2 protein chains.
Amino acid sequence: MRARDPQRVVTVTDIANAIGVSRATVSLVLRDSPLVHADTRARVEAELKRQRYVYNRGAANLRRRTSSSVALVINDLSNPFFAEFAAGVDEALGEKGYVTLLGSTGESPERQQAVLASLMEHTPAGVILSPAEGSDAAQLHKVLDTRANVLLFNRELAGADDWGFLGLDNQRGAQLATEHLIALGHRRIAFYGGHADSSSCRQRRAGHARAMKRAGLPVDPSWLIESAPNRLEAAAGTAKLFGDQAPPTAAVCYNDTVALGLMLGLLARGIQPGKGFAVTGFDDIPEAAVTTPPLTTLAVNPRERGRQAAQLVLAQLAEGTAPDRTIAPVTLSVRESSGAALK
Amino acid sequence: MRARDPQRVVTVTDIANAIGVSRATVSLVLRDSPLVHADTRARVEAELKRQRYVYNRGAANLRRRTSSSVALVINDLSNPFFAEFAAGVDEALGEKGYVTLLGSTGESPERQQAVLASLMEHTPAGVILSPAEGSDAAQLHKVLDTRANVLLFNRELAGADDWGFLGLDNQRGAQLATEHLIALGHRRIAFYGGHADSSSCRQRRAGHARAMKRAGLPVDPSWLIESAPNRLEAAAGTAKLFGDQAPPTAAVCYNDTVALGLMLGLLARGIQPGKGFAVTGFDDIPEAAVTTPPLTTLAVNPRERGRQAAQLVLAQLAEGTAPDRTIAPVTLSVRESSGAALK
DNA sequence: CTGAAAGCGCTTACAG
DNA sequence: CTGAAAGCGCTTACAG
């Protein structure tokens, strides 16, 4: 954190002195006050331009006790789901005159604490946080004041009811995928991947269970298979599907990454995804459309979710409304990985 | 831009009053000055913790005339190349105690002006900018002071020699791809896609030309085909490759997106990419590894480039060094789309 | 080693 | 409609 160029910077005082008005008058012009005489305003504006004045929003924020930034803390931008989400957040914030302060946790609760502490020093007007796996609400409260304007995204957190929440309709999504497979004739459908202790995995599992129950289909416990949500582990776990004498013929996967891993694992066993075994994902990342075969999955429209998150956090600010719990819809996008109707 | 909660915020004055020292002493403790007696320091630190003091970096920056942020302005985060780049920038800035201010242009020079003007009001210590297509250096100088600490990334700009530049070795990359195809036996190799007036396209075309010339192969002008760098236009232009009686047997594409589009276009004509026609890309976006067939392309390691950009912009700041021109290497990643040796 | 005072660039009552 | 003064939260010479 080195000093900036200490070169002279043009301030309201310079403008005021140059044309013989007070700093207050210049400030009023900058803030578009109707109190200033049109002539005076014109002279001030001309001088602002002439001296290439740049407003110092930090100084103004300090004096007014306002903020024009919102912190966005996510796992990692290299995940296209979060990249799209961040793009949506930034877009919507920009429209309202706010700037996005970026932070990433890399799924580490410790890094998350450090990143949030650092961002809080920049006095953001709000914080949009997709909590790292294993986050602890008590720890977060230490660094994010209760009064802070926080919106949690994507991952539910026990003990964080004083903050807003925006989530996806995980249960309904998994239910849609499962119903789709059932309609194609599948009876033995696994739920594959994710950590059973994460809220999103629990909810997706519940959707799967619900669809099966509604169709009067039993669920063998061996069909509920955990796996870290990355391609490698998902591929490595493929064998767990085929231990039984009557193995599943399809799997609803925790997310697209897991589904892509599973498809690799199937191929390694000589099974054609979409032919010998049906697979669905969750998220609709860009890769989903171009894999072989293309992946049936649940579209969540992360960019729109980002815009929504920005709006929610600004609304909390403006109206001082009680932080809300918002659930966004998801839609099934059918492609070839779920295959044709079963033989 | 609404007021924050006007609730009382703990300041150095509160801490000082609480334990009967001066604000200066508290400030010295905060900044880890050795001037403070160990006992005093301990008392101050305890009180800071007790009152859950949060440092106001904005106020400190104002007083010290420093900045602890860097603006990052890119086309769009939904491009995985830029998302990875941004992740690298943020990571490296965070390590040095800086925060990333995000902005996106959507390839619009007008939006770019607006976004930069807004970001400059937050007094960033530096600006990392990947200029939107059609950017004008004169316009940029209006909003980015000459004294501003700017690093241009990826796209060269005439009249911007007062700013730093970090680019990819476009020429060498395209040359590597072309040489690879020549080694496989191809003689008629097109350069497909991109806008010929963009610096990166010119450089990549130069690499293609150079490899052909070195191998003593002629280049028919009809093999140099322009196309907007998106999948749709790239697919639509496929026919332009096959107008001649002796059409090319391979194409070095401007980037991966163009290559993926071309592969779709080839399939639509009943040509198997990697079998009937060889294709290479540029960027190595995540999709490149999972398309059918996987895409031979040039890996540019965007995350590492992001880290490098952050380091360069901070170095410019610290040392006041003359802004440098840095060219980062690229490496060929051979996959099936470039096919086996020609018949 | 600690305190009193001034000031970063801005805004906001309060007079006039 | 405009100006003088105070203050946002911090830091930095300067005394002591």
Side-chain angles (χ1 to χ4, degrees), chain A residues 1-44 47-48 51-68 120-125, chain B residues 1-44 47-48 51-68 120-125:
Chain A
M1 268 169 293
R2 296 282 309 223
R4 305 186 65 206
D5 254 10
Q7 307 195 31
R8 239 195 113 18
V9 59
V10 178
T11 72
V12 285
T13 307
D14 298 315
I15 306 298
N17 291 343
I19 58 177
V21 297
S22 78
R23 290 145 65 203
T25 304
V26 177
S27 176
L28 291 173
V29 170
L30 287 173
R31 319 203 51 248
D32 264 331
S33 160
L35 295 179
V36 187
H37 191 283
D39 290 356
T40 314
R41 167 183 304 281
R43 282 168 55 219
V44 170
E47 189 64 18
L48 288 169
Q51 295 203 36
R52 304 169 129 257
Y53 170 81
V54 176
Y55 188 63
N56 184 329
R57 203 166 282 281
N61 281 333
L62 177 59
R63 177 60 234 257
R64 304 182 62 204
R65 318 185 97 237
T66 57
S67 166
S68 52
M120 288 310 285
E121 296 186 350
H122 292 85
T123 60
Chain B
M1 267 166 293
R2 297 280 311 223
R4 306 186 65 205
D5 255 10
Q7 307 192 32
R8 242 196 112 15
V9 59
V10 177
T11 72
V12 285
T13 308
D14 298 314
I15 305 298
N17 291 344
I19 58 176
V21 299
S22 78
R23 290 146 65 205
T25 304
V26 177
S27 175
L28 292 173
V29 170
L30 287 172
R31 319 203 51 249
D32 265 332
S33 158
L35 295 181
V36 187
H37 191 282
D39 290 356
T40 314
R41 166 182 304 280
R43 284 168 55 218
V44 170
E47 190 63 19
L48 288 168
Q51 296 205 34
R52 302 168 129 255
Y53 170 82
V54 176
Y55 188 63
N56 185 328
R57 203 166 282 282
N61 281 333
L62 177 59
R63 176 58 234 258
R64 304 181 62 203
R65 319 185 96 237
T66 56
S67 166
S68 51
M120 289 309 285
E121 296 186 350
H122 291 86
T123 59

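Sequence lines set the chain letters: A, B, ... in the order given, protein chains first and strands last, and positions in each chain run from 1. Please read all numbers here as calculations on a predicted model, not as lab measurements.
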Practice task
Verify the distance criterion only: is there a donor paired with an acceptor across the side chains of His122(A) and Ser68(B) at less than 3.5 Å?
Solution key: yes
Problem - For atom CZ of Arg63(B) and atom C1' of dC8(C), their distance in whole Å - result: 6 Å
Exercise for the section: Please determine, for dA4(D), whether a Watson-Crick or G-U wobble partner exists with both distances under 3.5 Å, and give it or none. Expected result: none
Practice task
Respond yes when some side-chain nitrogen or oxygen of Thr40(A) is under 4.0 Å from OP1 or OP2 of dT2(D), and no when none is.
Solution key: yes
Exercise for the section: Measure the shortest side-chain to side-chain distance between Gln51(A) and Ile15(A) over non-hydrogen atoms and say whether it is less than 4.5 angstrom. Expected result: yes
Problem - Phosphate contact (dT11(D) OP1 or OP2) by Ser27(B) side-chain N/O below 4.0 Å - result: yes
Exercise for the section: Would you mind telling me which residue lines up with the more 5' stretch of DNA chain C, Leu28(B) or Gly58(A), judged by nearest nucleotide? Expected result: Leu28(B)
Exercise for the section: Round to the nearest Å and state the distance from Asn61(B) atom CG to dG7(C) atom C1'. Expected result: 16 Å
Practice task
Measure from CG on Asp39(A) to C1' on dC1(D) and round the result to the nearest Å.
Solution key: 12 Å
Exercise for the section: Would you mind telling me which of dG9(C), dC10(D), dT11(C) lies closest to the side-chain atoms of Ala60(A)? Expected result: dT11(C)
Practice task
Side-chain contact test, heavy atoms from C-beta onward, threshold under 4.5 Å: evaluate it for Leu62(A) versus Asn56(B) and give yes or no.
Solution key: yes
Practice task
For Leu62(B) and dT11(C), give me the distance from atom CG to atom C1', rounded to whole Å.
Solution key: 13 Å
Handout entry: Spacing of Arg23(A) atom CZ relative to dC8(C) atom C1', expressed in whole Å
Key = 11 Å
Problem - 5′-ward residue of the pair Val54(A)/Val21(B) relative to DNA chain C - result: Val21(B)
Completion exercise
By the Watson-Crick or G-U definition, both distances under 3.5 Å, dA13(C) is matched with none
Problem - N or O in side chain of Arg64(A) less than 4.0 angstrom from dT12(C) OP1/OP2 - result: yes
Handout entry: Interatomic distance where OH belongs to Tyr55(B) and P belongs to dT11(D) [whole Å]
Key = 4 Å
Handout entry: Among dA4(C), dC1(C), dC10(C), the one nearest His37(B) by side-chain distance
Key = dC1(C)
Handout entry: Donor on one side chain, acceptor on other, Thr123(B) and Asn61(B), under 3.5 Å
Key = no
Completion exercise
Of the listed dT2(C), dT12(C), dC10(C), the closest approach to the Arg31(A) side chain comes from dT12(C)
Handout entry: Residue-phosphate contact under 4.0 Å: Thr25(A) side-chain N/O, dC1(D) OP1/OP2
Key = no
Completion exercise
When rounded to whole Å, the CZ to C1' distance for the pair Arg65(B) and dC10(D) reads 15 Å
Practice task
Rounded to the nearest angstrom, tell me the gap between atom CG in Leu48(A) and atom P in dC10(C).
Solution key: 10 Å
Practice task
Run the salt-bridge test on Arg23(A) and Asp14(A) with the 4.0 Å N-O cut-off and return the result as yes or no.
Solution key: no
